[in-house]
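So the structure is just underneath, and the comments pick up after that.
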Amino acid sequence: MTYLRANRVQLAGIVVLAGLLFTLAIYQYTQLGEISELERERMGRTLGWATSVTRYEFDSELADLYRDFQVDDREEESFAEQIAARYNERIATIEGPDILDKIYWVQLDEESGLVIQEFTGVSLDTLDEWPSEIASLKAEFADQLRNNEVQFDLPVGPLPLQDEIPALVIQQVLTRGPRPRETLADLKSISWIIATLHRDVIVEELIPALSAEHIFGEGDFDYNVGVTKADDPTSLVYSSDPALTAASFADPDAERTMFALRIWHFNQRVLTNRRIWRVVEESVEPKWSLVVKHQAGSLEAAVATARNRSLALSLGVLLLLGGAIAMIVVSTRRAQRLASQQMEFVAGVSHELRTPLAVIRAAGENLADEVVHDPDKTRQYGELINKEGRRLSNMVERVLLFARMRSGNLQFEYLPVDLLEMIDDAIASNSAWTDERSVTVAKEIPRLLPRVVGDPAALSSVLQNLVSNAVKYSRRGGTVTVQARAVNEDKELQIAIHDQGDGIPGHEIPHLFEPFFRGKRARAAQVQGSGLGLSLVKRVVEAHGGHIEVVSTPGAGSTFLVQLPAAASGSEGAR
Ligand code: ADP
């Protein structure tokens with residue numbers, strides 16, 4: 001009853017724990033989902049911000065050039081001197097890669113039209129021909145001038161940013177401009193600076209440096225950064241990973257237009273100049289697109305991967321916890337079973353000791369009281385005392401053997417052993433049982449049998465145990481058969497002990513060789529025993545290099561098969 005109640009409490013505990021673990025798992029799952037969503041939003045915002053900053057800093061390089069190379073005809077220095085001063089200041093103060101390549105000065109001359117000069121670093125040299133890298137601009141200038149000849153308050157000249165060259169056309173807004181509707185002849189003060197840019201520096205140094213600073217993060221290359229052309233997204237200008245194509249940047253996690261002049265890069269003072277305002281406002285046409293995509297494919301995919309990893313980790317921890325609980329339950333149950341087996345063992349041993357002791361005491365008392373006078377009766381008493389005494393010794397030996405085995409103190413003496421004699425001894429020593437249960441013991445043993453090498457006492461106890469079990473668990477009046485034969489070309493000896501008992505239920509077979517294990521039927525029928533016999537048998541057989549197995553059919557009896565290595569040939573026991 002108490003055991004049942006304890007079991008029920010334990011079961012309820014297990015169910016509660018399992019329920020708790022399950023609730024924890026569900027809670028963790030939903031929590032992680034929410035955290036991941038927040039994380040995705042946070043990462044998206046941070047990335048958007050980083051991309052904007054990258055674009056801002058890139059475009060501000062262009063605005064710097066535009067501002068720096070505005071010369072002023074109200075200054076005393078010549079244009080060349082002003083350009084040289086600005087140029088030198090820029091060289092002295094620039095940090096990081098310099099995208100500026102060459103500087104040309106384009107002016108409108110009354111007679112010869114467009115005049116081009118190259119800035120050498122100190123002075124301006126007039127060129128006869130437009131250098132090939134900007135030759136295409138000449139036609140654009142001419143066109144613009146023709147079409148806008150009476151509208152010079154509008155920005156004149158090609159767009160400030162030339163993608164292909166690439167160049168920055170800096171219209172000089174601080175030079176004295178003509179009034180509307182004046183003729184070409186009055187326009188000589190209009191001029192432009194063409195600053196060609198190093199495409200290599202832009203693509204190989206500036207963009208990677210800005211990306212590394214703002215987007216990649218600290219040494220963590222989670223993102224791929226690309227630059228595509230705004231008017232042709234399939235054309236890739238830059239990629240942080242050379243293996244990627246423009247298609248790899250489809251559906252980016254963040255995208256910003258870049259390579260444009262922006263109003264916000266010009267301060268209020270500059271913007272009060274109506275002409276620069278117009279130039280900037282009307283020419284803002286970003287040439288490129290800055291696209292950023294997570295290396296996992298997308299931010300969603302990256303967050304999902306991280307979420308799955310955390311989920312696997314926390315589920316793993318929960319599983320570990322569940323496994324640990326299951327193991328504790330299993331080992332507790334095993335400990336409980338062992339404790340109850342040991343209790344049964346103590347009860348069984350005491351019971352087994354009590355019966356022969358009572359018989360011995362009664363016989364002794366009778367002899368002492370001289371109740372028995374007949375010499376035949378005295379002999380019978382003597383035999384009875386002897387038999388019960390042997391039973392006691394056997395029991396004590398078995399317990400001591402078990403204790404020695406457990407403490408690892410068991411030493412075997414290996415000698416050539418003739419099993420034939422031992423089988424006979426085992427049968428003889430069980431004669432009391434056989435008589436009591438009217439069991440017949442039959443032997444099927446060849447005349448010649450190889451010897452084995454082993455400890456005589458230990459091997460003898462093996463045979464005694466198996467024969468005694470076969471008789472004990474046999475049905476009344478049944479037959480126990482002991483067979484022995486050489487197998488495996490005489491290399492091994494097989495002993496089979498077959499009985500016609502009730503057999504062993506399948507679920508008990510795996511426990512048969514555990515110490516203290518006693519079958520349900522044996523306990524119910526109160527068959528004498530300690531549950532130690534088979535565990536000792538197995539240990540001894542295995543210590544001799546052999547093995548034991550059992551084949552049992554419930555209702556039709558059991559067969560215990562022992563296989564032992566035979567001694568070297570030539571040593572055969574004969575009948
Ligand atoms: P004991 O016989 O002292 O109980 P053993 O270790 O020899 O202990 O055997 C363990 C259990 O195995 C027995 O309690 C019994 O249930 C079962 N058993 C052993 N031999 C037989 C057999 N020949 N037939 C049926 N059951 C057996």
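Atoms considered below: every heavy atom in the structure, side chains included; atoms not considered: hydrogens, waters and symmetry mates. Numbering of ligands and ligand atoms starts at 1, following listing order.
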Point to revise | Intermediate values then yes/no, side chain to side chain contact (heavy atoms under 4.5 Å, CB included), V303 and E37 | key: CA-CA 8 Å; V303 171; E37 185 50 35; over 6 Å; no
Practice item. Step by step, work out the side chain to side chain contact (heavy atoms under 4.5 Å, CB included) result for Y223 and L47. Key: CA-CA 9 Å; Y223 293 101; L47 182 66; 3.7 Å; yes
Review point. Please walk me through it: do D424 and K443 pass salt bridge (Lys or Arg N to Asp or Glu O under 4.0 Å)?
Key: CA-CA 9 Å; D424 286 338; K443 286 189 293 179; 2.4 Å; yes
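Inspection of the H294 and E300 side chains reveals no N or O donor paired with an N or O acceptor under 3.5 Å. No hydrogens or angles considered: nothing links the side chains of H511 and E508 as a donor-acceptor pair under 3.5 Å.
Ligand 1 lies less than 4.0 angstrom from a heavy atom belonging to F560. Using a 4.0 Å heavy-atom cutoff, N465 is absent from the residues neighbouring ligand 1. Distances shorter than 4.0 angstrom do not occur between any heavy atom of R523 and any atom of ligand 1. Residue G501 places every heavy atom at 4.0 Å or more from ligand 1.
Taking every heavy atom of A522 and a limit of under 4.0 angstrom, the matching atoms of ligand 1 come to 14 (O), 16 (O). Those atoms of ligand 1 that come under 4.0 Å of a heavy atom in K472, given as number and element, are 1 (P), 2 (O), 3 (O).
By the 3.5 Å distance cut-off applied to N or O atoms, L512 is not counted among the residues near ligand 1. Residue-to-ligand polar distances keep G503 apart from ligand 1: every N/O pair is separated by 3.5 Å or more. When only interatomic distances are considered, the shortest N/O to N/O separation between R518 and ligand 1 falls below 3.5 Å.
Regarding atom 14 (O) of ligand 1, its nearest protein heavy-atom neighbour is G519 N, 3.1 Å. Scanning the protein heavy atoms around atom 26 (N) of ligand 1, the nearest turns out to be I504 CG1, 3.4 Å. Closest to atom 10 (C) of ligand 1 among all protein heavy atoms lies F517 O, 3.3 Å. The protein heavy atom nearest to atom 3 (O) of ligand 1 is S530 N, 2.8 Å. Atom 23 (N) of ligand 1 has D499 OD2, 2.8 Å as its closest protein atom, hydrogens excluded (heavy atom only). Residue, atom and distance of the protein heavy atom nearest to atom 5 (P) of ligand 1 are L534 N, 3.6 Å. Among all protein heavy atoms, the one lying closest to atom 24 (N) of ligand 1 is Y473 CB, 3.4 Å.
Judged by a 6.0 Å distance limit and a 45° cone about the ring axis, R307 is positioned over the six-membered ring of Y29.
Proximity annotation for atom 19 (C) of ligand 1: of L466, N469, L536, V550, N469 comes nearest, heavy atoms only.
If you look at H498 and F560, their ring centroids are not closer than 6.0 Å.
Atom CZ of R361 is surrounded by 12 or fewer heavy atoms from other residues, nucleotides or ligands within 6.0 Å. For E383, the CD atom is densely surrounded, since the number of other residues' heavy atoms within 6.0 Å is greater than 12.
Just one of N224, D222, D241 meets the side chain to side chain donor-acceptor pair (under 3.5 Å) condition when paired with Q295; it is N224.
In this structure a side-chain-to-backbone donor-acceptor pair under 3.5 Å is missing from R437 to G477.
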